[in-house]
Amino acid sequence: MGQIRSELCIQAASALEYAGFSLGHRPHNPMTVKTRFAPSPTGYLHVGGARTALFSWLHARRHGGKFVLRIEDTDRERSTDESVNAILEGMTWLGLEYDEGPIYQTHRFERYNTVIGELMAKGLAYRCDCSRERLDGIREEQMARKAKPRYDGHCRGREVGSDAPHVIRFRNPDEGGVVVDDRVRGKVAYDNAELDDLIIRRTDGSPTYNLTVVVDDLDMGITDVIRGDDHLNNTPRQINILRALGAEPPRYAHVPMILGDDGSRLSKRHGAVSVMQYREQGILPEALLNYLVRLGWSYGDQEIFSLDELTQLFDIKDVNKAASSFNTDKLLWLNQHYIKEDDPKRIARLLSPLLGDLDIDPTQGPDLVEVVKAQQERAKTLVEMAEISAFVYKDFDEFEPKAAKKHLRPVAAEALQQVREALAIVSDWSPAALHDTVERVAELMDVKMGKVAQPLRVAVVGRAASPGIDVTLYLVGREACLRRIDRALEYIAARAGDQV
RNA sequence: GCUCCCUUCGUCUAGUGGCCUAGGACACUGGCCUCUCACGCCGGUAACAGGGGUUCGAGUCCCCUAGGGAGCGCCA
């Protein structure tokens with residue numbers, strides 16, 4: 001145990017600089033805003049956490065302050081390196097850069113123990129050796145008489161030795177109350193009589209959450225604590241610990257949580273909850289960020305925000321109090337918007353690996369940037385763009401049944417035959433010339449353009465939907481076009497044969 | 001059970017006592033554009049949880065009820 005601890009401390013060179021700060025006063029200029037995002041590494045970075053991080057980041061940027069990333073890994077049972085990496089990866093992808101950190105709480109155990117020692121010395125904390133059985137017993141009894149389950153203070157006046165196994169509890173004030181002045185909730189009052197003596201150090205010597213948060217926020221000079229509202233009820237306890245340490249509490253802002261589309265708490269069964277899953281699904285980070293910021297926050301009727309704009313406009317006070325439901329449709333709409341507006345070169349760069357997943361090498365064929373320009377208004381995600389663009393680079397396996405049934409009929413054979421001949425000899429393989437070619441065939445046959453373009457499209461694309469027929473032909477290229485038209489003609493012939 | 005929090009269209013929201021016969025966006029839907037799909041444009045359906053007050057006047061203030069959520073861990 002001691003060995004592990006010293007090992008951690010050696011790794012913690014950067015974190016140790018905080019250990020020197022004394023309590024009771026802020027080490028930083030109180031006017032300088034400093035926020036933090038403090039996830040526990042017990043899973044992936046989910047959208048709720050990402051939104052909290054975004055709010056904290058924006059608040060810091062808006063006020064020219066600092067943003068800190070702190071990893072709350074004091075629960076060694078559940079914390080994993082894998083989760084830490086997932087969180088860091090998610091933050092990087094979203095572009096939420098932190099000015100300090102990541103700081104690991106497991107590197108700061110010496111510091112927490114020092115603080116616990118101070119509280120013990122002042123009589124504000126005490127040892128407790130109550131057995132789990134006893135605790136369970138009083139808990140059961142309290143529940144039975146419909147009271148709030150809480151520690152009864154059994155060890156408050158007892159002298160519990162330091163040799164036998166024990167925990168350390170914070171001595172919560174009996175009298176008075178605590179008012180949390182929250183920037184989104186307003187003033188919330190609690191009676192100290194409702195609070196019990198919480199454990200601040202476990203039997204194994206490790207500190208607990210409510211203690212480490214307080215110590216870290218204090219040591220790091222955090223001025224604004226922005227976190228999920230599941231922490232609102234912990235806040236009075238934390239303020240009491242802060243008071244016991246003779247410190248002023250930071251400003252709090254408890255933001256509501258995000259629910260699934262059905263209004264229940266967001267969980268895996270709602271589909272994607274991890275931000276990296278959104279990347280895999282072809283969502284752009286700016287789209288996710290834009291979506292997330294509008295969940296619980298607004299600026300008049302504006303829907304589209306760049307990060308720069310948000311840095312100017314975001315105010316934590318404007319965040320709503322009520323929880324909101326995640327709506328994938330709106331995220332997709334935003335994503336389509338950003339795909340449409342973004343630089344085709346950037347989209348092409350992001351799209352390339354997704355084509356690779358479909359066994360396509362986009363360097364073997366037309367410039368991917370041209371393909372992106374043709375598809376930009378037609379895809380809600382990058383994954384979808386890859387799927388609807390595959391036909392440019394490789395022959396499709398089979399015609400989409402509905403499209404073939406409607407357009408690859410015997411009556412279409414002549415149009416296809418005609419257009420094939422025209423395409424075989426067109427000298428300038430450019431969208432403009434190809435457009436003229438298709439149009440001329442329609443005129444010659446005295447039919448509407450659709451009568452030619454649709455069978456042609458299904459022949460070349462395999463589906464009834466694609467970019468303009470001119471651009472479609474242009475991107476596919478003459479050789480592949482003629483080959484696929486022949487294949488469509490065979491298909492029609494075979495079908496006609498079946499029907500006889 | 002106890003404590004705390006929340007409640008405007010299906011969803012995200014505007015609204016801070018009269019500008020609200022409640023606005024915008026997504027979704028849905030009618031139409032236009034059109035070689036398809038998409039984009040774009042024009043239009044439509046759809047909400048102040050319920051009940052009491054206060055007020056000349058309430059979505060906006062107060063109270064109650066209902067519904068939802070969180071916390072009550074040697075989890076964070």
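Here the structure is a predicted model, which means the values were calculated and not measured. Sequence lines set the chain letters: A, B, ... in the order given, protein chains first and strands last, and positions in each chain run from 1. Keep in mind that the numbers below use all heavy atoms, side chains included, and drop hydrogens, waters and symmetry copies.
Between A:Arg171 and A:Asp197 there is no salt bridge, since no side-chain nitrogen of the basic residue lies less than 4.0 Å from a carboxylate oxygen of the acidic one. Using a cutoff of 4.0 Å between basic side-chain nitrogens and carboxylate oxygens, A:Asp217 and A:Arg227 are not scored as salt-bridged.
In this structure, the side chain to side chain contact (heavy atoms under 4.5 Å, CB included) partners of A:Glu439, at least two apart in sequence or on a different chain, are A:His435, A:Asp436, A:Glu443, A:Met449. For A:Phe170, there are no ring pair (Phe, Tyr, Trp, His ring centres under 6.0 Å) partners at least two apart in sequence or on another chain. Evaluation of the side chain to side chain contact (heavy atoms under 4.5 Å, CB included) rule for A:Tyr112 yields A:Gln105, A:Arg108, A:Phe109, A:Pro207, A:Leu211, A:Thr212, A:Val215, A:Asp216 as partners, not counting sequence neighbours. Checked against salt bridge (Lys or Arg N to Asp or Glu O under 4.0 Å), A:Arg346 has the following partners two or more places apart in sequence or in another chain: A:Glu286, A:Asp342.
Within the structure, every side-chain polar atom (N or O) of A:Gln376 is placed at least 4.0 Å from both OP1 and OP2 of B:rC39. Listed pair A:Thr74 / B:rA76 meets the phosphate criterion, a side-chain N or O lying under 4.0 Å from OP1 or OP2.
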Under 4.0 Å protein heavy-atom contacts per nucleotide of nucleotides 10-16 of chain B, with B for base, S for backbone only and - for none: -SBSS--
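Listed nucleotides B:rC72, B:rA76, B:rG40 differ in distance to A:Lys340; the shortest reach to its side chain belongs to B:rG40. Residue A:Lys148 places its side chain closer to B:rC2 than to any other of B:rC4, B:rC2, B:rG73. Here the side chain of A:Glu194 is nearest to one of B:rG71, B:rU3, B:rC5, namely B:rU3.
Taking CG from A:Leu444 and CD from A:Gln418, the interatomic distance works out to 6.5 Å, rounded to the nearest 0.5 Å.
Sorted by residue number, the members of residues 448-466 of chain A with any non-hydrogen atom under 4.0 Å from RNA chain B read A:Met449, A:Gly450, A:Ala453, A:Gln454, A:Arg457, A:Ala464, A:Ala465, A:Ser466.
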